[in-house]
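To find a chain, count down the sequence lines: A is the first, B the second, and so on, and within it residues start at 1.
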Protein chains: 2
Amino acid sequence: MVAVVDVARVAGVSTATVSRVLNGHPSVREETRQRVEAAMQSLNYRVTVAARSLRTSRTRMVLALVPDFANPYYAEIVRGLGASAREHDYELLLCDTGLSEARERTVAQMLNRHFYDGVVCMDPYTTQQMVSEEVRSLPWVACSEFVPDEQIPHVSIDHRLAAKDAVLYLLAKGHRRIALINSDERYLYAQQRRDGYRDALREAGLQERADYIQIVGGIDHPLGELAARRLLALDQPPTAVFAVADTLAIGAIKATMASGRQVPDDLAVVGFDDVPLASIFEPALTTIAQPRRELGEHAMQLLLRRIAGEMPSSVTLAHTLVVRRSA
Amino acid sequence: MVAVVDVARVAGVSTATVSRVLNGHPSVREETRQRVEAAMQSLNYRVTVAARSLRTSRTRMVLALVPDFANPYYAEIVRGLGASAREHDYELLLCDTGLSEARERTVAQMLNRHFYDGVVCMDPYTTQQMVSEEVRSLPWVACSEFVPDEQIPHVSIDHRLAAKDAVLYLLAKGHRRIALINSDERYLYAQQRRDGYRDALREAGLQERADYIQIVGGIDHPLGELAARRLLALDQPPTAVFAVADTLAIGAIKATMASGRQVPDDLAVVGFDDVPLASIFEPALTTIAQPRRELGEHAMQLLLRRIAGEMPSSVTLAHTLVVRRSA
DNA sequence: TTGTACGCGTTATCAT
DNA sequence: ATGATAACGCGTACAA
């Protein structure tokens, strides 16, 4: 393995000078710098992160905790994180936390190895709450989900307002019987979107109906089908439904069409997230889009400032209502 | 930061003994081991990877190069990789290579940092060919895609045979006019699936028709729509089509239905990969499923053997034809 | 069975 | 502007 000492020998300088060149230190004569760089070239020198890290306790590597790789929602966020990281000469690595508490320990170990300069966490807030204090000692920011009332910087949209917008849109279309399909109210986003749904109804002077609220415990599309079947079986079925996830919305559409009804004529459906499938599915989904890439970019910027010792405040980004055919 | 020397002091032993305990070395008296472990506990000691790596030039971390995070095809492979890695006390990290040759340099840098014990590469073979020799000096295996005629162990299905099976199924259903929608024949899988298509036709004594072969250059569903529109506009349109990717197949179905025709009655469609969307879409897709999780598990096993200094031979796993409604 | 002492490759301090 | 050298935390050869 070729080390700084080898480069130094070839360039006819000391290891200190090589190190200075390596780190762009200004106090190196131009001619010397060139000689050193030539030597690095010819020897094909590569810095050894382990050694550097041992010395500086910095690796210029950051870790993102991704709850679920199969969920395309995260893909674009990860792109944003990566782009922003590379821009500042950091390398982004990913870890699939798999939504399972069993993996929690493994992840904790990873974090405890004194290896990453910082962490972007996208896990649901229940999981985040479990993360031990010691681990949190490293620079840490949350993206998308976050623990309310905690001093951890995060970036997110205003889920409550977004949900309200979705329902206001249905109201504007003339709907008065609007149902909610929610996933699992242990998630923060689920609580907030439910609140937004209520806000809109209240603002329209409508009474909330318990039988119009379906909490199905997850976001897989069969759960959406189940919810829709229940809603359609009511004496007075809703004419529109707001689902807190696109997958749930698509399930709802499938069940509606399977029952011989039409979307959006018999039941208008609005989803949330604008996953790729939303535009592919027939009828294409009206949904709330999150600025996923920007979410990632901002989260990384927050993290880099944390690493630099600052304590930046959280940011909230704007959502969009994407109107397609389903409502 | 608490180091071995601290543990040693508290336990009343030398750093060497602490190290031995840490690495499960047998020659430590039970009582001593317990004392050391207690000390580690009370001090909340965590090994510093950087230091260990510097000493051993091992990190027990492996890297997977993922061409495209947004493609759910890789999610399950990654799960397999991760499970298998953890089973052997390795940690899996991921890097989004983003299918772009611009990123190639960055990735090369990551690999060159002497940091990972090995690499699982899922990039298309054109990209793999560009990876420089020096980088390949680390333990390296390919998963899914691979460079033919190279001595790099890989795991994959037999794409050619799988494609042949798909087309044989259509033939068995009585179809004689069968088209092919291919993506980009620079990809190995695309070449192989095209060959399989030909194999089946030849075996059935059918002539290959140039106008039945649509090469669209990618796998996004609008490309599938385009191809289907072209096929349906022919004087003698096909009655069935084999698309080399589910997304293409879905595009084809959309275009078919948009033209007022029915799937599978007017055009039967078979896809490839069995992505999640395949079972959600209406009509649900008949497709070839790859054993994705096993692909990942086997790839990691190959890699770990490479790391151990062996040179295992490649493995081919079995595919399955999943019959649903589209054909 | 346990301890002493050195070196892995790098950066930073203090000289010069 | 550059050089000598001491750490950083760990594993291991060699000694005891």
Side-chain angles (χ1 to χ4, degrees), chain A residues 1-40 43-61 89 91 109 112-117 138, chain B residues 1-40 43-61 89 91 109-117 138:
Chain A
M1 173 180 284
V2 28
V4 277
V5 56
D6 304 308
V7 177
R9 194 168 353 90
V10 170
V13 297
S14 73
T15 61
T17 300
V18 176
S19 175
R20 284 191 269 259
V21 170
L22 220 42
N23 296 286
H25 202 284
S27 73
V28 180
R29 239 195 321 163
E30 183 53 28
E31 186 236 299
T32 319
R33 144 170 286 110
Q34 305 221 342
R35 233 174 40 241
V36 171
E37 275 166 354
M40 296 208 254
L43 291 176
N44 188 29
Y45 168 81
R46 303 284 170 226
V47 62
T48 303
V49 248
R52 168 177 286 178
S53 161
L54 187 57
R55 211 16 220 178
T56 62
S57 49
R58 287 279 164 108
T59 56
R60 298 197 82 82
M61 292 183 167
D89 272 312
E91 204 55 56
Q109 277 185 349
N112 261 326
R113 290 167 99 185
H114 302 303
F115 195 71
Y116 298 96
D117 288 355
L138 23 67
Chain B
M1 173 181 281
V2 30
V4 278
V5 56
D6 303 308
V7 177
R9 193 166 358 89
V10 171
V13 297
S14 73
T15 62
T17 300
V18 176
S19 177
R20 286 191 266 262
V21 170
L22 220 41
N23 296 285
H25 205 283
S27 72
V28 179
R29 236 192 327 161
E30 183 52 28
E31 187 235 300
T32 318
R33 140 169 290 110
Q34 305 223 341
R35 231 174 41 241
V36 170
E37 275 166 353
M40 296 209 259
L43 291 176
N44 189 28
Y45 168 81
R46 302 286 171 224
V47 61
T48 303
V49 246
R52 169 178 283 177
S53 161
L54 190 56
R55 245 335 244 158
T56 61
S57 50
R58 288 277 165 107
T59 57
R60 298 196 83 83
M61 292 183 168
D89 271 311
E91 203 54 54
Q109 277 185 349
M110 292 216 47
L111 301 179
N112 262 324
R113 290 167 99 186
H114 303 303
F115 195 71
Y116 299 96
D117 289 355
L138 14 74

Task: Separation of B:Asp117 CG from B:Thr56 OG1 (nearest 0.5 Å) - done: 8.0 Å

TODO: Output the distance between atom CZ (B:Phe115) and atom OG1 (B:Thr59), rounded to the nearest 0.5 Å.
DONE: 5.0 Å

Report the distance from atom [atom1] of [X] to atom [atom2] of [N], rounded to the nearest whole Å.
X	N	atom1	atom2	result
B:Phe115	C:dG9	CZ	P	15 Å
B:Tyr45	D:dG9	OH	C1'	7 Å
A:Asn23	C:dT13	CG	C1'	15 Å
B:Arg9	C:dT2	CZ	P	20 Å
B:Arg58	D:dT12	CZ	C1'	16 Å
A:Leu22	C:dT10	CG	P	8 Å

TODO: May I ask you to say what B:Ser19 touches in the nucleic acid, namely base, sugar-phosphate or nothing, with a heavy-atom cut-off under 4.0 Å?
DONE: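 Since a base atom lies under 4.0 Å of B:Ser19, the category is base.
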
- [ ] Could you check whether B:Val28 gets within reach of a base, just the sugar-phosphate, or nothing at all, counting any heavy atom under 4.0 Å?
- [x]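 Counting heavy atoms under 4.0 Å across all strands, the contact made by B:Val28 is with sugar-phosphate only.
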
Among [options], which nucleotide has an atom closest to any side-chain atom of [X]?
X	options	answer
A:Ser27	D:dG11, C:dG9, D:dA1	D:dA1
B:Ser14	D:dG9, C:dT1, C:dG3	C:dG3
B:Ala16	D:dT12, D:dT2, D:dC10	D:dT12
A:Thr32	D:dT2, C:dT10, D:dC10	D:dT2
A:Val13	D:dG3, C:dG3, D:dG11	D:dG3
A:Val47	C:dT10, C:dT2, D:dA1	C:dT10
A:Arg55	C:dT10, D:dG11, C:dT2	C:dT10

TODO: Run the numbers on A:Arg20 and A:Thr17 for side-chain contact (heavy atoms from CB on, under 4.5 Å), then give the verdict.
DONE: CA-CA 5 Å; A:Arg20 284 191 269 259; A:Thr17 300; 3.8 Å; yes

Side-chain N or O of [X] versus OP1/OP2 of [N]: is the shortest distance under 4.0 Å?
X	N	result
A:Arg52	C:dT11	yes
B:Arg20	C:dT2	no
B:Thr17	C:dT2	no

Task: Step-by-step side-chain contact (heavy atoms from CB on, under 4.5 Å) determination, B:Met40 to B:Leu22 - done: CA-CA 10 Å; B:Met40 296 209 259; B:Leu22 220 41; 3.7 Å; yes

TODO: May I ask you to test the A:Arg55-A:Arg52 pair for a side-chain heavy-atom distance under 4.5 Å?
DONE: no

Open item on the list: Can you work out whether A:Glu30 or B:Leu54 has the more 5'-proximal nearest nucleotide on DNA chain D?
Closed with: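 Counting from the 5' end, the first nearest nucleotide belongs to A:Glu30.
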
